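The model shown is predicted, which means the values in this text are computed figures rather than measured ones.
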Amino acid sequence: MDVKLAICTLLHLILLAACNGSGTMESDGKIIDGAKTHNHNARQNMRIEQESDASPRSLPKEEADLIPFSSEKLDHILQLFSFPEGSPQAIAIEDTLRQCETKHIKGETKICATSLESMFDFTKTILGSKTEIKVLSTNHLTQSNNNTLLQKYTIMGIREIPANKMVACHTMPYPYAVFYCHYQESESRVYQVSLVGENGDKVEAVAVCHMDTSQWSHNHVSFQVLGIEPGSSPVCHFFPADNFVLVP
C-alpha cells in the first residue's frame, strides 16, 4: 500500500482519529472513501489533541530518580502523592506502571523515561551519542476561539521527513511527566501533514507509518478498529501535541 494513501485511508489512527460508517475524508481537495478500509460506527471526525494547561510538570532527573517507579511500590507511590486506592488517579498510575513493565515486542527497545534528561539519554543510545537530535511534534498554527477539537480536517499536503531511525515518545498519565519511549528495528516512516479544520484551524501534524506490524499483538487496538491482521498493512497514526518524534 502506498504510504501517503495509508495516511489518508487508515482513518481511525491510533490515539487521535475517528470516523463514521461513511468513512469519507478530504485529502488534497479530493474525497477518499475509507469504507473499504474498515467499517464501524464512530463519528466521522478527527481529533487533533492540544497541549493542556494541566499537563504534569517535568522533574529534574536527580529528583525523579529518587521516586520509586514500580508496581511493587504502588502503595508507597499512592501515599507519596496522596491518592486514595481505587481513585481515578490511582487507577491511571497503576495502568501506566503496568504498561511500562510490559515485555517489549520482538525488535523493539523501550523505556519509560521519568525525566526529559532520561528521554534524551535513551534517544542517544539509539540514534548515536554524537548525533544532533531533532525533536518533532504536532503544532497548532492557529486555534479558533470555540476550541473545537472534534471536527473534519482536510489534508492539504504530506511531506516525508527523511530519517533512517526514529524514537517515539508518548506522554503517560502520571503525577509528573513520564514518557513511554520506544524504537522499533522494523521500518517506520515519518511525515509532516498539513491539516485545515472545518473552522479554519491550521495544524502541522506529525504522523508515523509503521511498515511492518507482523510482531504486534493480535489484540492491538489498530487491528481491532481497522479489521486487519498483523503484518497485512502499514499502520499510520498522528501524534498529539505533547508527544514527540526524535530523529537524527
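Between the side chain of Q151 and the main chain of N199, a donor-acceptor pair closer than 3.5 Å is present. In this structure a side-chain-to-backbone donor-acceptor pair under 3.5 Å is missing from T213 to W216. Counting only distance, with no hydrogens or angles, the side chain of N139 and the backbone of L141 share no donor-acceptor pair below 3.5 Å. Q224 places a side-chain N or O within donor-acceptor distance of the main-chain N or O of N219, the cut-off being under 3.5 Å. Between the T142 side chain and the K202 main chain, a donor and an acceptor come within less than 3.5 Å of each other. Not one N or O on the side chain of T171 forms a donor-acceptor pair closer than 3.5 Å with the backbone of N243. Side-chain N or O atoms of K110 include one that pairs as donor or acceptor with a backbone N or O of T102 at under 3.5 Å. The main-chain N or O of S222 is found under 3.5 Å from a side-chain atom of H220 such that the two form a donor-acceptor pair.
Through direct or relayed side-chain contacts under 4.5 Å between Ile, Leu, Val, Met, Phe, Trp and Tyr, F122 connects to I111, L116, M119, F120, I126, L127, I133, V135, V167, F179, Y183, F244, L246. Other cluster members for I91: none, since no ILVMFWY side-chain heavy atom sits under 4.5 Å from it. V178 shares a hydrophobic cluster with L59, I67, F69, L74, I77, L78, L80, F81, F83, I93, L97, M172, Y174, Y176, Y180; the chain of contacts runs through ILVMFWY side chains whose heavy atoms sit under 4.5 Å apart.
Sulfur-sulfur distance for C112 and C181: not below 2.5 Å, with no disulfide indicated.
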In sequence, state the C-alpha distance, the side-chain angles, and the governing distance for V206 and V193, and then conclude on side-chain contact (heavy atoms from CB on, under 4.5 Å). CA-CA 6 Å; V206 173; V193 185; over 6 Å; no
Let's go through Q79 and D75 carefully: what are the C-alpha distance in whole Å and the side-chain angles of both, what is the deciding distance for side chain to side chain donor-acceptor pair (under 3.5 Å) to 0.1 Å, and is it a yes or a no? CA-CA 6 Å; Q79 291 177 5; D75 290 343; over 6 Å; no
After noting the C-alpha distance and the side-chain angles of T154 and L195, does the key distance pass the side-chain contact (heavy atoms from CB on, under 4.5 Å) rule? CA-CA 6 Å; T154 300; L195 303 166; over 6 Å; no
S137 vs F239, test: side-chain contact (heavy atoms from CB on, under 4.5 Å). Steps then yes/no. CA-CA 7 Å; S137 63; F239 276 65; over 6 Å; no
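When side chains are defined from C-beta on, T138 does not count as touching F238, because their heavy atoms never get closer than 4.5 Å. With a 4.5 Å cut-off on side-chain heavy atoms, N164 and P248 count as touching. In this structure, P230 and F223 have side chains that are in contact, with non-hydrogen atoms separated by less than 4.5 Å. The closest side-chain heavy-atom distance from V208 to M166 is below 4.5 Å. Taking 4.5 Å as the limit, every side-chain heavy atom of D201 sits out of range of all side-chain heavy atoms of V196.
With salt bridges taken as basic N to acidic carboxylate O contacts below 4.0 Å, none links D121 and K124. Remark: K134 does not engage E132 in a salt bridge, criterion side-chain N to carboxylate O under 4.0 Å.
With sequence neighbours left out, the salt bridge (charged side-chain N to carboxylate O under 4.0 Å, His left out) criterion links E229 to no other residue. For the side-chain hydrogen bond (donor to acceptor under 3.5 Å, both in side chains) test, residues two or more places apart in sequence or in another chain that qualify with S194 are E204. Residues satisfying the side-chain hydrogen bond (donor to acceptor under 3.5 Å, both in side chains) criterion with E101, sequence neighbours excluded, are S71.
Of all the heavy atoms in P84 and A90, the pair that sits closest is O-CB, 3.3 Å. Closest non-hydrogen pair, S232 versus I228, comes out as OG-CB, 3.4 Å. The two residues A177 and S58 come nearest to each other via the heavy atoms CB-OG, 3.6 Å.
The distance from the OG atom of S186 to the CD1 atom of I105 is 7.0 Å, given to the nearest 0.5 Å. Put simply, CD on E94 and OG on S87 are 10.5 Å apart, with the number rounded to the nearest 0.5 Å. For the atom pair CD (E108) and CD (E185), the distance works out to 10.0 Å, reported to the nearest 0.5 Å. Here H210 contributes atom NE2 and R189 contributes atom CZ; the two are 13.0 Å apart, rounded to the nearest 0.5 Å. Interatomic distance, NE2 of H170 versus NE2 of H237, reported as 5.5 Å (0.5 Å rounding).
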